[in-house]
Amino acid sequence: MEKVRIGFYALTSCYGCQLQFAMMDEIVQLLDKANIECWFMVDRDSDEEREVDIAFIEGSVSTQEEIELIKKIREKAKIVIAVGSCAIHGGVQSWGKDKELEELWKTVYGDGRVKFEPKMAEPVENYIKVDYKLYGCPPEKKDFLYALGTFLIGSWPEDIDYPVCVECRLNGNPCILIEKGEPCLGPLTTAGCDARCPSFNIACIGCRGAVGYGVAWFDSLAREFKKKGLTKEEILERMRIFNAHNPKLEEMINKVFEEGE
Ligand code: SF4
Ligand code: SF4
Ligand code: SF4
């Protein structure tokens, strides 16, 4: 059986997703079935020019050079997987999407200059077709193994289309939103983390991203947050952390605050 050719590429990111995968013991077993063509974190002989069967992309598209890189990856890969919240949703670096790039640049770098041409952080899918998504910041190891294992046997992994609340209720946690009035984003957020934060009595901040902008009820949840006393700005700020690229977010929250009491 021919080995599957794998590439792992990093855009603007903290490298946490690939570190999560590189630290897995199972990577060694994988080497029987796969050739790593490009993954600079684990192989110094990596080459971005090689063709691959599966390309994993981490990070948000935040420079002009990264736009060219992901187009090249798409051309050379049969399957492209966006890995983690940066690649799928633009990540926390998209949080300031409502501000000008120049203002953000000055806040972080002052008068410093770099050799690349920066742009606002964006999801990979804004530029190329993405075939599958591994949610999380970083994704769970089990998600990586499940997806890869499924591809290795020539099948296709299922998507996760239900929210963190499902796992939270199955774990029998008391609801932080209802009982403590804290702004938990579990009802909007893609499950798969086994409701990690609510299980420690901490409200979910939505790090796995929304279950889909067309189906996640940001307005309904904002209405609940408003009843708990949060202002429009506080709600927007919280929901934007990992969902800044939701094109209707502001409109939905505005609608809630125009409704009156
Ligand atoms: S998704 Fe999270 S862990 Fe992965 S690169 Fe982005 S910030 Fe790091
Ligand atoms: S604590 Fe959060 S995740 Fe758990 S049920 Fe309540 S709203 Fe959902
Ligand atoms: S509970 Fe929410 S913030 Fe915590 S790991 Fe899960 S998705 Fe991320």
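Numbers here are sequence positions counted from 1. Both counts, for ligands and for their atoms, begin at 1 and track the order of listing.
- Defined by atom type and a distance below 3.5 Å, a donor-acceptor pair is missing between the side-chain atoms of Tyr9 and Glu48.
- Using a cut-off of 2.8 Å, one finds that Cys168 contributes no N/O/S atom close to atom 8 (Fe) of ligand 2.
- The part of Cys193 lying near ligand 3 is the side chain, judged by heavy-atom distances below 4.0 Å.
- The six-membered or imidazole ring of Phe151 lies near that of Trp156, with a centre-to-centre distance under 6.0 Å.
- Of the protein's non-hydrogen atoms, Cys175 SG, 2.4 Å is the one closest to atom 6 (Fe) of ligand 2.
- The Ser13 neighbourhood of ligand 1 comprises atoms 5 (S), with distances under 4.0 Å to a heavy atom of that residue.
- Because the distance cut-off is set at 2.8 Å, Cys17 qualifies as a neighbour of atom 4 (Fe) of ligand 1 through one of its N, O or S atoms.
- Salt-bridge check for Lys226 with Glu259: failed, with every basic side-chain N at 4.0 Å or more from each acidic carboxylate O.
- In the hydrophobic clustering of ILVMFWY residues, with side-chain heavy atoms under 4.5 Å counting as a link, Ile235 and Leu185 come out together.
- With respect to atom 5 (S) of ligand 2, the closest heavy atom belonging to the protein is Arg169 CD, 3.5 Å.
- The protein atom (non-hydrogen) at minimum distance from atom 8 (Fe) of ligand 2 is Cys165 SG, 2.3 Å.
- Classification of Lys142 and Asp194 as a salt-bridged pair fails, no side-chain N sitting under 4.0 Å from a carboxylate O.
- At a heavy-atom distance under 4.0 Å, only side-chain atoms of Pro198, from C-beta outward, approach ligand 3.
- Among protein heavy atoms, atom 1 (S) of ligand 2 sits closest to Ile176 N, 3.2 Å.
- Below 4.0 Å from some heavy atom of Ser85 lie the following atoms of ligand 1, by number and element: 1 (S).
- Assignment of Ala195 to the shell around ligand 2 is not supported, since no heavy atom sits closer than 4.0 Å.
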